[in-house]
Amino acid sequence: MVDMRRLNKNTVDLPKFSDLGDNDASRDPQTRFGLNPLKLMGCFVVCLMGLSVLFSISVILKDFKSNSIWAVADARVLDVALPRDLGQEDDPLGVFVNHKKKLQSSSFEHDDKLLNGLLSGKFDEDSCLSRYQVASYRKESSYKPSSYLISRLRRYEALHKRCGPNTESYNQLVADLKAGKKPKETSDCNYLVWISFSGLGNRILTLGSAFLYALLTDRVLLVDRGADLDDLFCEPFPEVSWLLPLDFPIIDQFKSLNQKSLECFGNMLKTSNTSSSLPYVYLHLVHDYDDHDKLFFCDQDQSFLQNVPWVVMKSDNYFIPSLFLMPSFEQELHKLFPEKETVFHFIGRYLFFPTNPIWGLITRYYNSYLAEADEKIGIQVRVFDTRVGPFQYVLDQILACSLDNNVLPNINPNESFITSTGNKKSKAVLLTSLSSGYFEKIRDMYWEHPTVTGEVIEVFQPSHEGYQQTEKKMHHRKAWAEMYLLSLTDKLITSSWSTFGYVAQSLGGLNPWILYKPENETTPNPACTRAMSIEPCFHAPPFFDCKKRTGTDTGAVVPHVRHCEDMSWGLKLVNPTISSIA
């Protein structure tokens, strides 16, 4: 808003400009055209008034500082169309120009841009700034990828380049698929097509699962972009895209594929039709899958897939733990991941990098609010109560977990301030939730009272969308940015059953405290528990002994696959040494 005092001042001072009428340089033209000198002076004064007002506005706008970096980011990003040509990405947000200079706001900068060899160095850096810049924003991982995993990733990249979209092999197999027939000869190129399905956290976890299965079976992973996948993630493989071309012959059938489809793996086993000449097989690995669909995790039932060129998968599960129970993959998985709890840590860090607009959201927020803190605390809140929050029992649980485990310090309600000896340590708390109520309560608590330790606590929340808006592009951009920001923290508290939290903990290599799921609107006691590993939980695993063909507890078969802390029937990977102690 323009400062009215400045406008009033300009109006009062108008008579002063009448002196300009005596200027000889302007008198002759006025007389020549028969104009009244005083009238011309008036016009000139009005022009100067306009210039004065414009100057005032420019000063105000220059001094303006937004109260929300996130809001500014929204406005900027919405006007940017993300280039589809990976080699032509520019800097549309104007925030990365000086990144090649030494970052002043980050204390974690190190030279390992390739993450101990996990990443290929063949990318154009400008096409995906986050890929090589993220090393400047997070501590170097204490986990190291095995040399075998690195070699297999390079081997996969070569396969993807040879067989990816628009290559000769791809075009020939697509022609056969379009004609509705299986190829006459076996091909060196076989494909796993991942269908975009469910919420963002689920999609990230299932896409990671699909990639590992493709790696184990020498298939080329092609991904259905859905509404916005290409807007969220950079291309993970050099030179050839992982995106399924939009003219793929059966892309319009993806939404209609289900357990009753003739091409469904479970349905084919049910009808003993595994020798079918169908051009592709559909894997239904969604949470509602039945016993025949679950036979996908049995070697003897999956063997016929080896000769199928096109396998199409739909899932909302992180199903990797059950792959570790399959004898045919056991040796390979052990060589790939000697530390069992690092599977998604490495797959996630290899596959998922935010596109440049989202990297802008992340870096602006990090540099504005988190970079200078001595310690960064992430708190991810997911509430399953369908009523409008916030809820006191949830707030009590968050505080109990934070305070009882020394994640955050207690306050002293009886003192105005506490004199701390030595340097005051600062902690920045990044809280993510659909509701702003928990952030406001915790922020006010540390604003109104000093901490007993003398630590300075700042609390921030990037967004509060109110409810999940899965149809909105900006909603997913913010969600992905917040997952990534949580992964950049030093300590993390997450919510039970939340794939949002699973992604953050695995990318960050963080063993979180997991908030128990409340029952009957009561704060659990204890409020939370420490995770056994940094791995996500498989929410809907099969309970079946493939050899005996009977039901069994799959969480007690091998020492590195255990039941989850937050879901008693779920499965997760842990390091065997930890499982033997637990």
Side-chain angles (χ1 to χ4, degrees), residues 81-89 119-120 122-124 126-128 131 152-197 203-204 206-255 257 263 279-283 305 307-315 347 350-353 355-356:
L82 182 65
R84 297 293 185 234
D85 186 344
L86 296 175
Q88 297 180 357
E89 179 65 40
L119 305 181
S120 168
K122 296 182 179 180
F123 288 94
D124 169 26
D126 290 339
S127 68
C128 180
R131 190 189 322 275
R152 286 291 283 112
L153 291 176
R154 300 294 88 81
R155 190 173 115 191
Y156 174 83
E157 290 163 4
L159 175 67
H160 196 94
K161 181 180 179 180
R162 188 173 75 250
C163 301
N166 302 316
T167 59
E168 183 179 351
S169 296
Y170 172 85
N171 291 338
Q172 180 58 56
L173 286 171
V174 163
D176 292 335
L177 180 63
K178 191 173 184 179
K181 62 182 182 180
K182 293 182 69 173
K184 296 180 181 179
E185 300 179 357
T186 57
S187 171
D188 292 335
C189 300
N190 291 315
Y191 299 87
L192 176 65
V193 178
W194 173 87
I195 297 177
S196 181
F197 177 71
R203 283 190 285 163
I204 292 173
T206 61
L207 188 46
S209 303
F211 175 70
L212 180 57
Y213 179 69
L215 199 68
L216 293 170
T217 56
D218 289 319
R219 290 182 176 273
V220 173
L221 177 66
L222 299 178
V223 302
D224 165 33
R225 68 195 72 195
D228 59 0
L229 186 133
D230 54 335
D231 180 68
L232 299 174
F233 307 118
C234 296
E235 291 276 355
F237 313 128
E239 301 181 72
V240 178
S241 178
W242 71 337
L243 296 175
L244 188 70
L246 295 175
D247 61 354
F248 188 67
I250 62 171
I251 197 168
D252 293 335
Q253 302 174 33
F254 285 172
K255 290 184 178 180
L257 289 173
E263 301 85 359
Y280 70 93
V281 172
Y282 164 62
L283 297 176
L305 292 177
N307 299 318
V308 178
W310 295 101
V311 173
V312 180
M313 174 188 292
K314 182 187 293 183
S315 177
I347 288 179
Y350 174 75
L351 286 181
F352 302 113
F353 289 96
T355 54
N356 287 355

> Can you name the nearest heavy-atom pair linking Lys122 to Pro238, along with the distance?
CB-CB, 4.1 Å

> Show, in sequence, the C-alpha distance, side-chain angles and deciding distance for Phe211 and Trp242, and conclude whether the ring-ring contact (aromatic ring centres under 6.0 Å, His included) test is met.
CA-CA 11 Å; Phe211 175 70; Trp242 71 337; 8.3 Å; no

> Given side chains that start at C-beta, do those of Ile250 and Val312 come closer than 4.5 Å, heavy atoms only?
yes

> For residues Leu207 and Leu229, determine if any side-chain heavy atom of one lies less than 4.5 Å from a side-chain heavy atom of the other.
yes

> Identify the two heavy atoms, one from Tyr191 and one from Cys163, that lie closest to each other, and give their separation to 0.1 Å.
OH-O, 2.6 Å

> Using side-chain hydrogen bond (donor to acceptor under 3.5 Å, both in side chains) as the criterion, list what pairs up with Tyr156, not counting sequence neighbours.
His160

> Side chain to side chain contact (heavy atoms under 4.5 Å, CB included), that's the test. Do Leu119 and Tyr350 meet it? Break it down for me.
CA-CA 6 Å; Leu119 305 181; Tyr350 174 75; 4.2 Å; yes

> I'd like to check Val220 versus Arg162 (side-chain heavy atoms, cut-off strictly below 4.5 Å). Are they in contact?
no

> Measure the CG-CG distance between Asn171 and Asn166 for me, rounded to the nearest 0.5 Å.
6.0 Å

> Can you tell me how far the CZ atom of Arg219 sits from the CG atom of Asn190, to the nearest 0.5 Å?
5.0 Å

> Which atoms form the tightest heavy-atom contact between Leu221 and Ala214, and what is the distance?
CB-CB, 4.3 Å

> Any non-hydrogen side-chain atom of Phe248 less than 4.5 Å from a side-chain atom of Trp310?
yes

> Using a 3.5 Å distance criterion without hydrogens, assess whether the side chain of Arg131 forms a donor-acceptor pair with backbone atoms of Glu235.
yes

> Tell me the closest heavy-atom pair linking Leu257 and Glu263, and the distance in Å.
CD2-OE1, 4.3 Å

> Please report the interatomic distance CZ(Arg203) to CZ(Phe352), rounded to the nearest 0.5 Å.
10.5 Å

> Does Phe254 reach the side chain of Val193, with side-chain heavy atoms less than 4.5 Å apart?
yes

> In Å, rounded to the nearest 0.5 Å, how long is the span from CD1 of Ile347 to CD1 of Ile204?
13.5 Å

> Considering non-hydrogen atoms only, spot the tightest contact between Ser120 and Glu157 and give its length.
CB-OE1, 3.7 Å

> Quick one: does Phe233's side chain get under 4.5 Å of Val223's, heavy atoms only?
no

> side-chain contact (heavy atoms from CB on, under 4.5 Å) with Arg152: which residues, sequence neighbours excluded?
Tyr148, Arg155, Leu215, Asp218, Glu332, Leu336

> Distance check, rounded to the nearest 0.5 Å: Thr217 atom OG1 versus Leu212 atom CG?
9.0 Å

> Check Lys314 with Asp224, please: is the shortest side-chain N to carboxylate O separation under 4.0 Å?
no

> Find the distance between CG (Leu243) and CZ (Arg225) and round it off to the nearest 0.5 Å.
4.5 Å

> Any heavy-atom pair between the side chains of Tyr280 and Gln253 that's under 4.5 Å?
yes

> Does CG in Asp188 sit with more than 12 non-hydrogen atoms of other residues, nucleotides or ligands closer than 6.0 Å?
no

> Got Pro309 and Pro183 here, is their nearest side-chain heavy-atom distance under 4.5 Å?
yes

> Which heavy atom of Leu173 sits nearest to which heavy atom of Ser187, and what is that distance?
CD1-OG, 3.8 Å

